There are 2 protein chains.
Amino acid sequence: MPKPRQEAMASPSATGALKPQRRSYSIGELSRLFEVTPRTIRFYEQEGLLAPERRGQTRIYHEKDRVRLKLTLRGKRLGFTLAEIREVIELYDAMPDGNARQLQRMLEILSAKRAEMQARLEDIRLMQQELDEVENRCRSVLEQLDRRDVT
Amino acid sequence: MPKPRQEAMASPSATGALKPQRRSYSIGELSRLFEVTPRTIRFYEQEGLLAPERRGQTRIYHEKDRVRLKLTLRGKRLGFTLAEIREVIELYDAMPDGNARQLQRMLEILSAKRAEMQARLEDIRLMQQELDEVENRCRSVLEQLDRRDVT
DNA sequence: TCCGCACTTTACGTTAACGTAAACTTGGCG
DNA sequence: CGCCAAGTTTACGTTAACGTAAAGTGCGGA
């Protein structure tokens, strides 16, 4: 996996309350910012993950779109499909007009997602354990080699 | 995502030191155990992730294969490709004949994987934060509705 | 005015990770 | 013996998530 530069790594600030706050971005700027191709960004729009403003036929992205893209890419890194991510994102900002029934449904979905994240956390924990084991075996073999060289 | 039953959820025991310890599994048993299709298991073999014994033309899986499959599925849940997983698995047990050069390379790869896991952890943390936020907004809207109903 | 660059749409191509169907063998059992 | 369930190979199909190429639009600068 290639190395991210700007947005890709988490910044210390929590929820982007007071960030650069650029008014808008072109598709090219946004693509460089997150190290994805314009094609990818257009594809995400087509899949209902983004909905940029249009000036003529040109797309104009704002903070809201930037946040959505960030969420999308984060979701992808966690192995979610675009459809699943869209589900969460739709929750994220389709709320003001929510009736109680809808909101209850949301809470259920949130709870499910939360459980998934917990499961992933456990996966990571176990994976790290195995990395530890391999590393230990690896180092012990290296030690053996050293000892043999010295004696 | 479908719900796992047996092996899929992490058991309390750490590294399978003293598990059921069945001698062997058929492809069907293994597939039920992990809730994947036989086709998937054969595909993983074709991709170099499994290498079961053969009795005639029939595949026989042992503990080693079970562990590999478990690692593979765990990797998948974390969004790794089969190729990446194979890389790790090859490290996992192609070590005895390692020269120092090889072992150093392994340690590098391990370090890289470790960094990736850390990044994923951070992703999860952020994702959980956002789930919290959405839930809070959700609950506050519900509260408003309640208040309105009561008054 | 013309250039070049960044943007656009349309459409076909590609890769990973399996699903699905067909046709074949094989071991146990009534 | 006959048959069924569970295994096998071979091969083509499918879906998600983009890549890539072609052809057109819009605009700020020399």
Side-chain angles (χ1 to χ4, degrees), chain A residues 1-2 4 8 22-62 65-66 68-90, chain B residues 1-2 4 8 22-62 65-66 68-90:
Chain A
M1 297 203 173
R22 290 253 331 244
R23 189 60 64 205
S24 64
Y25 308 82
S26 75
I27 196 172
E29 291 173 322
L30 208 58
S31 78
R32 263 163 279 150
L33 200 54
F34 288 97
E35 300 206 307
V36 298
T37 70
R39 165 65 174 147
T40 297
I41 296 181
R42 291 194 196 100
F43 181 72
Y44 289 170
E45 175 179 351
Q46 175 182 328
E47 296 298 299
L49 293 162
L50 300 173
E53 187 196 330
R54 291 272 187 159
R55 179 118 57 221
Q57 80 173 153
T58 305
R59 278 165 256 251
I60 302 186
Y61 300 87
H62 302 187
D65 304 300
R66 197 183 55 83
R68 282 198 186 194
L69 181 51
K70 183 168 59 178
L71 289 178
T72 299
L73 296 175
R74 182 178 301 150
K76 283 216 61 190
R77 288 196 298 271
L78 294 177
F80 290 99
T81 70
L82 295 185
E84 292 172 316
I85 297 170
R86 181 180 48 206
E87 204 183 3
V88 174
I89 284 189
E90 280 172 357
Chain B
M1 295 203 171
R22 294 251 333 242
R23 191 57 66 207
S24 63
Y25 308 82
S26 74
I27 196 173
E29 292 173 321
L30 208 58
S31 78
R32 263 162 281 151
L33 200 54
F34 288 98
E35 300 206 305
V36 297
T37 70
R39 166 65 174 146
T40 297
I41 296 181
R42 292 196 194 99
F43 180 72
Y44 289 170
E45 174 179 353
Q46 175 182 326
E47 296 298 298
L49 292 163
L50 299 173
E53 188 195 333
R54 290 273 186 156
R55 181 118 55 221
Q57 80 172 152
T58 305
R59 278 164 256 250
I60 302 186
Y61 300 87
H62 302 179
D65 303 300
R66 197 183 56 82
R68 282 200 188 192
L69 182 51
K70 182 167 60 178
L71 290 177
T72 299
L73 296 175
R74 181 177 301 151
K76 282 216 62 191
R77 287 196 298 270
L78 294 177
F80 289 100
T81 71
L82 295 185
E84 292 172 318
I85 297 170
R86 180 179 51 207
E87 204 184 4
V88 174
I89 284 189
E90 280 172 358

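The structure presented is a predicted model; accordingly, all values stated were derived computationally and were not measured. Per chain, numbering begins at 1; letters A, B, ... match sequence-line order.
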Identify whether any heavy atom of B:Arg54 sits under 4.0 Å from a base atom; if not, whether one sits that close to sugar-phosphate; answer base, sugar-phosphate or nothing. sugar-phosphate
For B:Arg66 versus B:Tyr25, what's the shortest heavy-atom pair and its separation? CD-OH, 3.3 Å
Quick one: list whatever passes side-chain hydrogen bond (donor to acceptor under 3.5 Å, both in side chains) with A:Glu87, sequence neighbours left out. none
Using residues 39-49 of chain B as the side-chain source, report each donor-acceptor pair under 3.5 Å to any protein atom, sequence neighbours left out, with the distance given to one decimal.
from: B:Thr40; atom 1: OG1; to: B:Thr37; atom 2: OG1; distance (Å): 3.0
from: B:Glu45; atom 1: OE1; to: B:Arg59; atom 2: NH1; distance (Å): 2.7
from: B:Glu45; atom 1: OE2; to: B:Arg59; atom 2: NH1; distance (Å): 3.4

For atom CD of B:Gln46 and atom P of D:dC12, their distance in whole Å: 14 Å
side-chain hydrogen bond (donor to acceptor under 3.5 Å, both in side chains) involving A:Arg68 - partner list, sequence neighbours excluded: A:Asp93
Protein heavy-atom contacts under 4.0 Å, written 5' to 3' over nucleotides 13-21 of chain D as B (base), S (sugar-phosphate only) or - (none), form the string ----BBBB-
My understanding is that only residues two or more places apart in sequence, or in another chain, count here; which of them pass side chain to side chain contact (heavy atoms under 4.5 Å, CB included) with B:Thr81? B:Ala83, B:Glu84
Shortest non-hydrogen contact between A:Leu50 and A:Leu69, atoms and distance: CD2-N, 3.9 Å
Taking CZ from A:Arg42 and P from C:dA6, how many angstroms apart are they, rounded to a whole number? 13 Å
I need the single residue from B:Arg74, B:Glu90, B:Lys76 that forms a side chain to side chain contact (heavy atoms under 4.5 Å, CB included) with B:Ile85. Which is it? B:Lys76
Any protein N or O atoms within reach of nucleotides 24-28 of chain C? Criterion: under 3.5 Å, listing atom names and distances.
none

For the pair made of CD1 in A:Ile60 and P in D:dG26, what is the distance, rounded to whole Å? 15 Å
Tell me: CZ of B:Arg32 to P of D:dA5, nearest whole Å? 14 Å
Is the side chain of B:Arg86 donor-acceptor paired with the backbone N or O of B:Leu82 at a distance under 3.5 Å, no angle test? no
